[in-house]
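Working notes, beginning with the structure itself.
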Amino acid sequence: NNNIGFAQNWSRARILDGPGFLDILAQKRYSELSSSELAGNEFVFDDPRGLSGDKLLHWYNYGRAVKLDQVPSEVDLVSVWMSRLGRVDREIECYKNGIETDWADYLYPKAALQQQYQVSVSNRNEKNSYYISASYTNKEGARVGMGYEAISARVNIDSYINKWLTVGMNTMLNLRDNSQVQTQDDRRVWSPYTTNEIDNPDSPYYRYTTGSGITNPFLEAKYTDKFGKNISLNSNVFGKVILPWGFEFKSTFTPTFLGNILFTHKSSKNPQWQASNIRTEREHQDQYNWQLDNVLSWNQTFGNHRIEASFIQNAEKRQQWVTRAQGWDFSPSDVLSYHGLYNSQSSSVGSNDTYSTADALVGRLFYQFKGRYSINATVRRDGYSEFGADLKTGVFPAMAGSWTFSEEPFAKKWEWLDYGKIRLSWGINGHRNLSVGEGLAKVSVDNRYLRIDQDGKGYAVAGSMISGK
């Protein structure tokens, strides 16, 4: 299968064309005038080519220390008008020559191409079933440099070994490339009266589109190298056993692996950056989690009585390894980009490794009579490694009762009622919203604590104290 389409880009409408740009500038200048300043000057930021006579003379004399009796014939009124709107020589030159750059065409595609291709195979019989698929995705983003590529694969297998044993696996693999570098996004400041000279380093407008002030939106992306890869592997492996007397046991193992690599380098060739901006950053992040669930359940119906019971044992583990390295002040050069971190004369390295575990035991009993009256009771005990040393586990009971009165004979007469139920419940809740290490002892600095010297004299000093459990 394949899926190719286009996503319309609404961001284009936010970039102004030439007339719209000048209109916004004029409105801004008018808004800066007080009511008294605006009186009689409601047209002084308008295009003078639409004025004549005394009105044109008033327009020309606005803001001049020496007022004239007539507009000099040699005066370039367009240049005066554009300067009054805050435009520089480059913009005035382009305006007069009819040169206008549509930055929307450069930065925001009219339609972002969306491609996805998929192949799959599946089969099923009395003993086995499987589904295998692979896909490739290539999506352009709303702005140049926002797209990505991805490859994914999926495998689902179920095998019925015999009438009492079933095993299976569901696994998903995703690979994603995030190496594109986004262009600058500041729609408010790009003047249409200029040209995009990013491919002409010798142009005086290569760095600043109008000669000063406004940086070319492609400049930073051109001198930034980026290598970004993400990988995720999610799997679910299970086995189910049918036991005598209505019992069933299911065990599920769910491992997850996440890997991220991000290398970036800001090149010294960028005339915009100072020495402190020229640097390389490399980051590796890996995360491995697993969870094990064992469920023993029993379900039986005796006439009007339905009974369900289940016992769950859960265990999980989470580990993460993060390493970050930065380098700057390169010698002899930074030509090797993020491959040449060893050429940096100044560097920093940091890491953050985390580890946590948790477990849970859950018991549940459910009873229902005639499909109308139900009682449900649950008790669970949860443990978490980040809890304090004196309270690693918590017990959380809950119970509920319900009455489905729409199943009563008297309710059948109510044609306006399809379903009605009353339920009462009680329980104790808990949470484990703690960051890794939060339950450990911490060292902090506090000047309020006294230091006692060998003579028994106390005085306040900056020092450390141990807090928490």
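Only this structure's heavy atoms are used, side chains among them; waters, hydrogens and symmetry mates stay out. Residue numbers count from 1 along this sequence.
- The closest side-chain heavy-atom distance from Q182 to R143 is below 4.5 Å.
- Applying the ring pair (Phe, Tyr, Trp, His ring centres under 6.0 Å) rule to F410 yields the partners W414; only residues at least two apart in sequence or on another chain are considered.
- Taking 4.5 Å as the limit, every side-chain heavy atom of S402 sits out of range of all side-chain heavy atoms of I422.
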Please assess H265 against F330 for the test ring-ring contact (aromatic ring centres under 6.0 Å, His included), listing each intermediate value before the final yes or no. CA-CA 12 Å; H265 177 71; F330 292 87; 5.6 Å; yes

Step by step, work out the side chain to side chain donor-acceptor pair (under 3.5 Å) result for E91 and T210. CA-CA 6 Å; E91 294 171 286; T210 59; 4.9 Å; no

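- Ring geometry for F263 against Y338 counts as tilted: the plane angle lies between 30° and 60°, on a 0 to 90° scale.
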Test K266 against E281 for salt bridge (Lys or Arg N to Asp or Glu O under 4.0 Å), laying out the working first. CA-CA 9 Å; K266 297 183 180 296; E281 297 183 6; over 6 Å; no

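- Checked for salt-bridge contact, R432 and E316 meet the test: a charged N lies under 4.0 Å from a carboxylate O.
- Looking only at side-chain heavy atoms (C-beta outward), S179 and Y148 stay at 4.5 Å or farther from each other.
- Side chain to side chain, T323 and H284 fail the donor-acceptor criterion of an N or O pair below 3.5 Å.
- Rounded to the nearest 0.5 Å, atoms OH (Y208) and CD1 (I214) are 9.5 Å apart.
- W321 contributes no side-chain N or O that, together with a main-chain N or O of T354, makes up a donor-acceptor pair within less than 3.5 Å.
- In this structure, a donor-acceptor pair under 3.5 Å is absent between the side chains of Q345 and D329.
- The existence of a salt bridge linking D334 and R279 is excluded, since no basic side-chain nitrogen approaches an acidic carboxylate oxygen closer than 4.0 Å.
- One side chain, N294 or S251, offers a donor N or O that lies under 3.5 Å from an acceptor on the other.
- A donor atom on one side chain and an acceptor atom on the other are not found under 3.5 Å apart for S120 and S133.
- Residues M172 and A153 come closest through the heavy atom pair SD-O, 3.3 Å.
- If you take CG on L417 and NZ on K412, they are separated by 9.5 Å, rounding to the nearest 0.5 Å.
- The number of heavy-atom neighbours closer than 6.0 Å to CD of Q320, taken from other residues, nucleotides and ligands shown, is above 12.
- Aromatic ring pairs are classed by plane angle as parallel below 30°, tilted from 30° to 60° and perpendicular above 60°; the pair W290 and F253 is tilted.
- Look at R372 and E408 and you find a salt bridge, because one of the NZ, NE, NH1 or NH2 atoms lies within 4.0 Å of a carboxylate O, short of that distance.
- Comment: K139 does not engage E149 in a salt bridge, judged by the lack of any side-chain N to carboxylate O separation of less than 4.0 angstrom.
- By the neighbour-count criterion of 12 heavy atoms within 6.0 Å, atom NZ of K269 is sparsely surrounded, having that number or fewer from other residues, nucleotides or ligands.
- N289 and Q291 share no donor-acceptor pair across their side chains, judged by distance under 3.5 Å alone.
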Sequence neighbours excluded and cut-off under 3.5 Å, please list the side-chain donor-acceptor pairs for residues 238-249, or say none.
none

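- Note: R87 CZ to L22 CG = 8.0 Å, rounded to the nearest 0.5 Å.
- Summarising the local packing, NZ of K392 is surrounded by more than 12 heavy atoms from other residues, nucleotides or ligands at distances under 6.0 Å.
- Taking the centre of each ring, Y288 and F257 stay at or above the 6.0 Å mark.
- When only modelled atom types and interatomic distance are considered, R176 and N178 share a side-chain donor-acceptor pair under 3.5 Å.
- Taking OH of Y117 as the start and OH of Y136 as the end, the distance is 8.0 Å to the nearest 0.5 Å.
- We find the CD-CD distance between Q319 and Q287 to be 10.0 Å, quoted to the nearest 0.5 Å.
- For the pair W328/I278, no side-chain contact is recorded, criterion being any heavy-atom separation below 4.5 Å from C-beta on.
- Under 3.5 Å, the side chains of Y30 and E32 contain no donor-acceptor pair of N or O atoms.
- Not counting sequence neighbours, the partners of F369 by the ring pair (Phe, Tyr, Trp, His ring centres under 6.0 Å) test are H305.
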Check step by step if ring-ring contact (aromatic ring centres under 6.0 Å, His included) holds for H431 and Y384. CA-CA 10 Å; H431 73 87; Y384 186 40; over 10 Å; no

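- Atoms OG and CG, from S310 and L296 in turn, are 8.5 Å apart once rounded to the nearest 0.5 Å.
- Contact of the L336 side chain with the N343 side chain is registered, since non-hydrogen atoms from C-beta on lie closer than 4.5 Å.
- The shortest distance between side-chain heavy atoms of L175 and K229 does not fall below 4.5 Å.
- Side-chain N/O atoms of N196 and T101 include no donor and acceptor closer than 3.5 Å.
- D286 has its side chain out of reach of L258: every pair of non-hydrogen atoms, C-beta onward, lies at least 4.5 Å apart.
- A 4.5 Å side-chain heavy-atom check between L365 and I307 finds at least one atom pair inside the cut-off.
- Ion pairing of E197 with R207 is absent here, as no side-chain N (NZ or NE/NH1/NH2) approaches a carboxylate O to less than 4.0 Å.
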Quick one, S356 with E386, criterion side chain to side chain donor-acceptor pair (under 3.5 Å). Give me CA distance, side-chain angles, the key distance, then yes/no. CA-CA 7 Å; S356 66; E386 300 311 306; 5.2 Å; no

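- When atom types are taken as modelled, the side chain of N97 and the backbone of I99 share no donor-acceptor pair closer than 3.5 angstrom.
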